[in-house]
Amino acid sequence: MARIAFIGLGNMGGPMSINLVKAGHQVRGYDIVAEKTARAAAGGVEAATSNPDAAKDADFVFTMLPTGKEVREVLVDIDKVMDVVGPGTIIVDSSTTDLGATDYIHNEAAKRGLTLIDSPVSGGMAGAEAGTLTFMAGGDAAAIDRAEPVFLAMGKQMVRAGGPSAGQAVKVCNNMLLGISMVGTCEAIALGEAAGVDHQVLFDVISTSTGSCWSMNVNCPMPDMVDTAPANREYTPGFTAKLMLKDLTLSQAAAAKTGAVTPLGEHARSLYEAFCDDRDGEIDFSAMVQMVRDMRRG
Ligand code: NAD
């Protein structure tokens, strides 16, 4: 049993913290929105009164916050969680952040002799609830070994991504490809529809042929093809278009930082930006099919 602080009890952090309680850990949580803290408390998480209050005396401190900005503020710049934890504490940031923020928190931890792991997740809200997330852990190998049982209380798999910031780097690569493949899937559907091909035929052929991918086979933008797809419930997420825009924007920041050239990633980003400007960014990102359809000429 470990003492675990959990900071950020939203869509992901709420169920993740409750899964830690279910696994027998002693969890103290905090969210700036009181109802979120209360909801986690109803699941057995001890309610802290502030982020530093949650973190003091913890063996592990998890952050699951919206962006790198909040992560920097909570750990270093405003709440200064790094200044209240003991030298043996392992800090784990599981938020999806920009590589600049990850480098910053790794450097600040190193300055204080603290151990930090960047470990974003994939698997979405359903995976957070079910405890089937995949963690991508970057940082000190011995610390990752120590944290592994804690990760596995919230997920089905932990990938050792490499050194500091490697977890965020691999996450941004995966999600850039996901955004591109979803746009491609939507274009194939719009082209098939325009050419008079039946949805079922499109699905049966593509999902079993060389065009198959998660965007078609699992999160299919066409309704009535895959039982669990958001398209069957009017695109209730799932994974929101707004979060996809966030991740594609992070991919382009990573490309700029590293010098990598990713023109399709930039194109997918601009399409999701247009989607979120003109439509409801809170619906599932597979609703991109509606925008691509509406772009039809003539
Ligand atoms: P969310 O907005 O539901 O949760 C974030 C929580 O952080 C909110 O409850 C917010 O009140 C809280 N918060 C903000 N500032 C804070 C502060 N200073 N102190 C304490 N709490 C604070 O977002 P989410 O969907 O849970 O996502 C969290 C992270 O996980 C994001 O980085 C997101 O990109 C990533 N992610 C989300 C999904 C998904 O499907 N939702 C999937 C994979 C990764």
Side-chain angles (χ1 to χ4, degrees), residues 5-19 28-41 43 45 47-55 61-82 84 92-99 101-102 105 118-136 151 154-155 157 167-168 170-176 178-179 182 214 218-219 228 230 235-251 253-254 272 281-286:
F6 213 108
I7 294 174
L9 302 168
N11 291 329
M12 298 293 288
M16 289 166 75
S17 63
I18 292 170
N19 282 336
R28 270 169 76 73
Y30 183 75
D31 193 292
I32 37 163
V33 177
E35 300 87 74
K36 306 265 174 90
T37 309
R39 205 179 52 189
V45 173
T49 55
S50 67
N51 289 322
D53 177 51
V61 175
F62 275 80
T63 47
M64 196 55 175
L65 295 161
T67 69
K69 175 177 174 287
E70 291 82 11
V71 174
R72 293 165 74 125
E73 289 175 356
V74 165
L75 292 179
V76 184
D77 297 336
I78 297 180
D79 295 332
K80 302 184 191 303
V81 161
M82 281 193 193
V84 305
V92 184
D93 178 35
S94 281
S95 326
T96 304
T97 71
D98 57 287
L99 293 183
T102 315
I105 58 174
D118 56 287
S119 190
V121 300
S122 76
M125 282 149 59
E129 298 271 354
T132 55
L133 294 170
T134 292
F135 287 84
M136 305 157 215
F151 288 133
M154 298 179 280
Q157 145 167 245
Q168 291 296 349
V170 68
K171 163 85 184 173
V172 96
C173 295
N174 179 69
N175 280 30
M176 183 181 76
L178 174 61
M182 181 55 82
W214 188 89
V218 179
N219 213 64
T228 52
Y235 301 96
T236 308
F239 187 63
T240 64
K242 206 170 107 190
L243 276 179
M244 179 43 81
L245 174 58
K246 173 194 167 184
D247 288 356
L248 287 166
T249 304
L250 291 178
S251 77
Y272 274 101
E282 298 297 340
I283 62 174
D284 191 75
F285 78 124
S286 59

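Just so you know, ligand 1 is whichever comes first in the structure, and atom 1 is the first atom listed for that ligand.
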Gap between atom OG1 of T134 and atom NZ of K171 - 0.5 Å precision:
9.5 Å
List in chain and number order the residues that pass salt bridge (charged side-chain N to carboxylate O under 4.0 Å, His left out) with K69, two or more places apart in sequence or in another chain; answer none if no residue qualifies.
E73
Spacing of CE belonging to M16 relative to CD belonging to E129, to within rounding of 0.5 Å
11.5 Å
Spell out, as yes or no, whether a donor-acceptor pair under 3.5 Å connects the side chain of K246 to the backbone of A241.
no
Please state whether the rings of F285 and W214 are parallel, tilted or perpendicular, taking 30° and 60° as the class boundaries.
parallel
Who's touching ligand 1 if we go heavy atoms under 4.0 Å?
G8, G10, N11, M12, D31, I32, V33, K36, N51, M64, L65, P66, E70, V74, S95, T96, V121, G124, M125, K171, F239, L243, K246
Answer yes or no: is there a donor N or O on one side and an acceptor on the other, between the side chain of T37 and the main chain of D31, under 3.5 Å?
yes
